Amino acid sequence: MDNFVLILLAITIGYGINRLNIFSKEAPIILNQFVIYISLPAMVLLQIPKLTFSVDTIIPIVISWSVIIISAILVLFLSKFFSFSKEVTGSLMLVATLSNSSFLGIPIINAFMGESSLPYVLVYDQLGNSIAVATYGTFIASYYSNKSKTGFKIIIFKILTFPPFISLIVALFLMGVEFNDTITKVLSNFANTIVPLALVAVGLQLQFRLPKDEIKPFSVALVIKLIMAPTIAILICKLFNWNNQAAIVSIMEAGMASMITAGVIASMTGLAPRLSTSIVGYGIIISFFTTAVLFKIIG
């Protein structure tokens with residue numbers, strides 16, 4: 001219960017600060033940078049070494065990439081069916097496929113399943129969504145927009161220099177290593193900042209604007225992201241008879257709202273900025289209810 005209060009309060013505080021113009025416009029960027037460069041790497045270093053390599057470790061990776069690929073195929077099919085523009089299709093290819101697996105996934109899944117679930121959350125996020133946004137996301141932005149140009153070398157560079165990914169590589173070499181109390185406390189204190197800072201940043205970026213002509217692509221995006229994606233994850237788990245903590249975490253992650261970074265990329269590259277922001281903003285609020293229902297179904 002305490003975790004849910006923290007989640008709602010942090011987002012509300014962020015939204016209130018934004019409405020009152022207390023922080024500068026750069027505040028969400030600064031908070032997200034702190035989370036990406038310090039908080040998330042600390043959590044990765046703290047939690048990943050606790051993992052042991054097994055089939056369970058592979059489950060979040062398989063489900064993450066499977067959900068992204070199948071969701072992208074659904075977006076392409078429905079975009080053609082509804083005759084969406086190239087701009088709108090590009091937007092949906094980002095915000096309807098990539099999950100908010102860290103900023104929302106960590107606090108929400110921690111609230112439902114406890115700290116023991118966090119290693120699998122981080123595997124799903126770091127070896128799934130984080131690599132996907134650097135590779136798939138960069139490609140989509142480049143292909144659908146004339147504002148963004150990139151190449152294979154740039155994509156590889158972005159992956160290799162992404163702070164949480166660097167910390168993941170280090171953490172994999174430290175698997176089985178027990179840190180002394182001082183290191184553990186330092187990492188834990190930095191890792192604990194991810195929830196309040198990330199969610200205040202989410203609140204700061206919430207925008208609730210939805211023109212009538214964007215209702216159809218908006219609805220398509222939310223149905224794919226919040227309903228179809230976890231359904232795909234459930235079917236994959238049933239297909240392979242996966243019924244453990246790693247599987248439940250992966251299904252929950254698949255059902256998270258759209259990745260904020262995906263919305264930022266879409267906006268920066270001119271892929272229906274207003275629509276992209278609305279999908280992210282409304283999706284975050286709606287996902288609090290859909291993830292609760294989802295956990296009740298699979299928990």
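Computed from a prediction, not measured in an experiment: that's the story for all the values here.
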Checking [X] now: which residues fulfil side chain to side chain contact (heavy atoms under 4.5 Å, CB included) with it, not counting sequence neighbours?
| X | result |
| --- | --- |
| Glu87 | Ser85, Ala272, Pro273 |
| Leu9 | Ile13 |
| Leu235 | Thr231 |

For the student: nearest non-hydrogen atoms of [X] and [Y], plus distance:
| X | Y | answer |
| --- | --- | --- |
| Ala171 | Val44 | CB-O, 3.9 Å |
| Thr290 | Gly255 | OG1-O, 4.5 Å |
| Leu271 | Tyr144 | CD2-O, 3.5 Å |
| Phe112 | Ala292 | CZ-CA, 3.7 Å |
| Pro49 | Val177 | CB-O, 4.3 Å |
| Thr97 | Leu94 | OG1-O, 3.3 Å |

Kindly state each residue pair satisfying side-chain hydrogen bond (donor to acceptor under 3.5 Å, both in side chains) with at least one member in residues 162-186, sequence neighbours excluded.
-> none
In short, side-chain hydrogen bond (donor to acceptor under 3.5 Å, both in side chains) pairs touching residues 238-249 with sequence neighbours left out are Asp56-Asn244, Ser116-Gln245
Could you give the side-chain donor-acceptor pairs of residues 216-230 under 3.5 Å, partners two or more places apart or in another chain?
| residue | atom | partner | partner atom | Å |
| --- | --- | --- | --- | --- |
| Ser219 | OG | Ile215 | O | 2.8 |
| Lys225 | NZ | Ser99 | OG | 2.8 |
| Lys225 | NZ | Ala254 | O | 2.8 |
| Lys225 | NZ | Met256 | O | 3.0 |

Is [Y] reachable from [X] through a run of I, L, V, M, F, W or Y residues, each pair having side-chain heavy atoms under 4.5 Å apart?
| X | Y | value |
| --- | --- | --- |
| Ile166 | Phe34 | no |
| Ile30 | Ile38 | no |
| Ile194 | Ile29 | no |
| Val170 | Met43 | no |
| Ile236 | Ile69 | no |

Drop me the distance from [X]'s [atom1] to [Y]'s [atom2], to the nearest 0.5 angstrom.
| X | Y | atom1 | atom2 | value |
| --- | --- | --- | --- | --- |
| Phe289 | Ile286 | CZ | CD1 | 9.0 Å |
| Ile17 | Thr12 | CD1 | OG1 | 11.0 Å |
| Leu20 | Tyr15 | CG | OH | 10.5 Å |
| Leu127 | Ser64 | CG | OG | 9.0 Å |
| Ser258 | Ile279 | OG | CD1 | 6.5 Å |

Carefully, step by step, assess Phe82 and Val88 under the rule side-chain contact (heavy atoms from CB on, under 4.5 Å).
-> CA-CA 11 Å; Phe82 290 114; Val88 168; over 6 Å; no
Are side-chain heavy atoms of [X] and [Y] found at a separation under 4.5 Å?
| X | Y | value |
| --- | --- | --- |
| Ile298 | Met252 | yes |
| Ser188 | Leu46 | yes |
| Leu45 | Ile183 | no |
| Asn100 | Val280 | no |
| Leu76 | Met93 | yes |
| Leu40 | Asp125 | yes |
| Ile109 | Thr291 | no |
| Trp65 | Ile131 | yes |

Do any N or O atoms from the side chain of Ser117 and from the backbone of Gly114 form a donor-acceptor pair under 3.5 angstrom?
-> yes
Using atom types as modelled and distance alone, determine if a side-chain donor or acceptor of Tyr143 lies under 3.5 Å from a backbone N or O of Gly90.
-> no
Begin from the C-alpha positions of Tyr124 and Asn129 and carry the test side-chain contact (heavy atoms from CB on, under 4.5 Å) through to its verdict.
-> CA-CA 7 Å; Tyr124 189 102; Asn129 273 353; 4.0 Å; yes
Quick check: are there more than 12 heavy atoms from other residues, nucleotides or ligands sitting under 6.0 Å from CZ of Phe295?
-> yes
Just wondering, are more than 12 heavy atoms of other shown residues or ligands nearer than 6.0 Å to OH in Tyr37?
-> no
Report the residue from Ile61, Ile63, Val62 that forms a side chain to side chain contact (heavy atoms under 4.5 Å, CB included) with Ile59.
-> Ile63
Passes side-chain contact (heavy atoms from CB on, under 4.5 Å), Ile106 versus Leu122? Steps please.
-> CA-CA 8 Å; Ile106 289 173; Leu122 293 170; 4.2 Å; yes
